[in-house]
> 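Below you'll find the structure I mean.
A quick note: this is a predicted structure, and the numbers were derived from the prediction, not measured.
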Amino acid sequence: PAVSDVIRRREQGAALGGFILTASHNPGGIDEDFGIKYNCENGGPAPESLTAEIYKRTTTLSEYHICPGLPAVDLSTVARHQFGSFEVEVVDSTEDYAELLRNVFDFGSLRALVARPDFRLVFDAMHGVAGPYAKRIFEQELGAAPGTVRNGTPLPDFGGGHPDPNLTY
């Protein structure tokens, strides 16, 4: 949902869509723990006809090029970086998503619920990318106690767990 929000929100909605690299959707790769999704300009999943065409075109690729002259971009700092004729913008998608949720849900009522002594909350982010969003929403926005979000630091190996919470794994 956060990536869908970025697709819809940024550049006044001018994006035609966005590729999402994901561990638990459309599994591929050696260990079937890596996949790619494409969401359209409305932030929703692309229709199968479009993804089939994208896939068809990938089967004809014979090479790709890397531009070794580009400097590294610090992804931890919100900024715009100009590289000749194109620009890279690093955004704080957790802030964007928090703003979206503040407009959708009654955060005042949720804060009151979280503050009640008879209410307990635990969220296991499983070392996936949801961790920073969960910390931002539950702990910072809603006032849940520090540590409410467990395993909230994204790790490439998901802390040794599987990225899909399906009990099969």
Side-chain angles (χ1 to χ4, degrees), residues 1-11 15-46 51 54-55 58 64 66-68 70-81 83 86-105 107 110-111 113-114 119-169:
V3 174
S4 295
D5 180 53
V6 169
I7 292 169
R8 288 188 310 268
R9 172 189 306 258
R10 291 292 165 166
E11 302 303 319
L16 297 176
F19 287 98
I20 304 168
L21 307 179
T22 175
S24 62
H25 289 68
N26 307 320
I30 296 169
D31 298 319
E32 293 192 1
D33 63 354
F34 179 79
I36 299 174
K37 290 173 52 175
Y38 182 77
N39 282 12
C40 292
E41 69 279 353
N42 67 359
T51 58
I54 292 170
Y55 173 74
T58 67
Y64 65 91
I66 296 174
C67 187
L70 289 179
V73 172
D74 178 3
L75 298 178
S76 66
T77 303
V78 173
R80 290 180 180 259
H81 306 273
F83 300 104
F86 73 95
E87 180 181 77
V88 173
E89 181 182 6
V90 178
V91 301
D92 180 358
S93 59
T94 58
E95 171 54 32
D96 287 355
Y97 195 53
E99 181 181 330
L100 172 69
L101 294 182
R102 284 192 297 269
N103 289 316
V104 173
F105 296 102
F107 271 34
L110 291 172
R111 275 188 215 96
L113 173 65
V114 169
F119 181 81
R120 295 180 54 100
L121 174 65
V122 174
F123 181 92
D124 187 349
M126 299 171 54
H127 293 294
V129 297
Y133 296 92
K135 285 182 182 180
R136 174 63 187 265
I137 301 301
F138 294 129
E139 295 181 7
Q140 294 176 11
E141 295 284 333
L142 301 180
T148 293
V149 176
R150 298 189 181 162
N151 302 315
T153 301
L155 297 175
D157 68 350
F158 299 93
H162 195 279
D164 189 334
N166 186 319
L167 295 177
T168 302
Y169 306 108

> Counting only heavy atoms from other residues, nucleotides and ligands, does the tally under 6.0 Å from CZ of Arg102 exceed 12?
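Buried by this count: over 12 neighbours within 6.0 Å.
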> The criterion is side-chain hydrogen bond (donor to acceptor under 3.5 Å, both in side chains); which residues satisfy it with Asn42, sequence neighbours excluded?
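For Asn42 there are no side-chain hydrogen bond (donor to acceptor under 3.5 Å, both in side chains) partners, ignoring immediate neighbours.
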> Is the closest side-chain donor-acceptor distance between Ser93 and Asp96 under 3.5 Å?
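Not at all, the side chains of Ser93 and Asp96 share no donor-acceptor pair under 3.5 Å.
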> Excluding sequence neighbours, so at least two apart, what forms side chain to side chain contact (heavy atoms under 4.5 Å, CB included) with Val129?
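Partners of Val129 by the side chain to side chain contact (heavy atoms under 4.5 Å, CB included) criterion come out as none, since no residue qualifies.
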> Of all the heavy-atom pairs spanning Ala125 and Gly131, show the shortest one and how long it is.
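Heavy atoms only, the tightest pair is CB-CA, 3.5 Å.
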> Just how far is it from atom OH of Tyr38 to atom CD1 of Ile20, taken to the nearest 0.5 Å?
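The distance works out to 10.0 Å.
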> Taking all non-hydrogen atoms of both residues, which atom of Gly128 and which atom of Phe158 are closest, and how far apart?
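Reported closest heavy-atom pair: CA-CE2, 3.9 Å.
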> Please examine the side chains of Phe105 and Leu110, heavy atoms only from C-beta on, and report whether any two atoms are closer than 4.5 Å.
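Yes, at least one pair of side-chain atoms sits under 4.5 Å.
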> Mind checking what makes side-chain hydrogen bond (donor to acceptor under 3.5 Å, both in side chains) contact with Asn151, not counting sequence neighbours?
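Partners of Asn151 under the side-chain hydrogen bond (donor to acceptor under 3.5 Å, both in side chains) test: Asp124, His127.
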> Could you report the tightest heavy-atom contact between Pro68 and Ile66, atom names first, then the distance?
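Reported closest heavy-atom pair: CD-O, 2.8 Å.
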> Using a 4.5 Å cut-off on heavy atoms from C-beta on, say whether the side chain of Leu21 contacts that of Ile36.
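Yes; the side chains approach each other to less than 4.5 Å.
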> Using every non-hydrogen atom in the two residues, find where Pro1 and Tyr97 come nearest and quote the distance to one decimal.
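Heavy atoms of Pro1 and Tyr97 come nearest at CB-OH, 3.3 Å.
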> If I take atom CG from residue Leu142 and atom CD1 from residue Ile137, how far apart are they, to the nearest 0.5 angstrom?
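Answer rounded to 0.5 Å: 7.0 Å.
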> Measure the shortest side-chain to side-chain distance between Val3 and Asn39 over non-hydrogen atoms and say whether it is less than 4.5 angstrom.
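A side-chain contact under 4.5 Å is absent here.
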> Considering residues at least two apart in sequence or located in another chain, which fulfil the salt bridge (charged side-chain N to carboxylate O under 4.0 Å, His left out) criterion with Glu99?
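Here the qualifying residues are Arg9.
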> Provide the full list of salt bridge (charged side-chain N to carboxylate O under 4.0 Å, His left out) pairs with a residue in residues 125-137, sequence neighbours left out, each pair given once.
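Qualifying pairs, neighbours excluded: Glu95-Arg136, Arg136-Glu141.
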> Using every non-hydrogen atom in the two residues, find where Ala46 and Thr51 come nearest and quote the distance to one decimal.
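The answer is CB-CG2, 3.8 Å.
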> When you check the gap from the basic side-chain N to the acidic O, do Arg8 and Glu41 get nearer than 4.0 Å?
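No.
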> Listed by chain and number, what are the ring-ring contact (aromatic ring centres under 6.0 Å, His included) partners of Phe119, not counting sequence neighbours?
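Expected list: none.
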> Between Gly152 and Pro154, which heavy-atom pair has the shortest distance, and what is it?
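Heavy atoms only, the tightest pair is O-CD, 3.4 Å.
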> Enter the distance from Asp92:CG to Ser76:OG here, rounded to the nearest 0.5 Å.
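Between Asp92 CG and Ser76 OG, I get 11.0 Å after rounding to 0.5 Å.
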> Counting only heavy atoms not in Phe83 (residues, nucleotides, ligands), do more than 12 fall under 6.0 Å from its CZ?
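Yes.
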> Within this structure, what is the CG-OG1 distance for the pair Asp74 and Thr77, rounded to the nearest 0.5 Å?
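Going from CG on Asp74 over to OG1 on Thr77, the span is 3.5 Å.
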> Has the side chain of Glu139 got a donor or acceptor atom that lies under 3.5 Å from a matching backbone atom of Val149?
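Side chain of Glu139 to backbone of Val149, a donor-acceptor pair under 3.5 Å: yes, one is there.
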> Could you state the interatomic distance from CG (Asp5) to CZ (Arg10), rounded to the nearest 0.5 Å?
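So the CG of Asp5 and the CZ of Arg10 are separated by 9.0 Å.
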> With the side chain counted from C-beta on, respond yes when Val90 and His81 share a heavy-atom pair under 4.5 Å apart, and no when they do not.
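Yes. Closest side-chain heavy atoms under 4.5 Å.
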> Looking only at atom types and distance, does a side-chain atom of Thr148 sit under 3.5 Å from a main-chain N or O of Ala145, one as donor and one as acceptor?
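Yes, because the side chain of Thr148 sits within donor-acceptor range (under 3.5 Å) of the backbone of Ala145.
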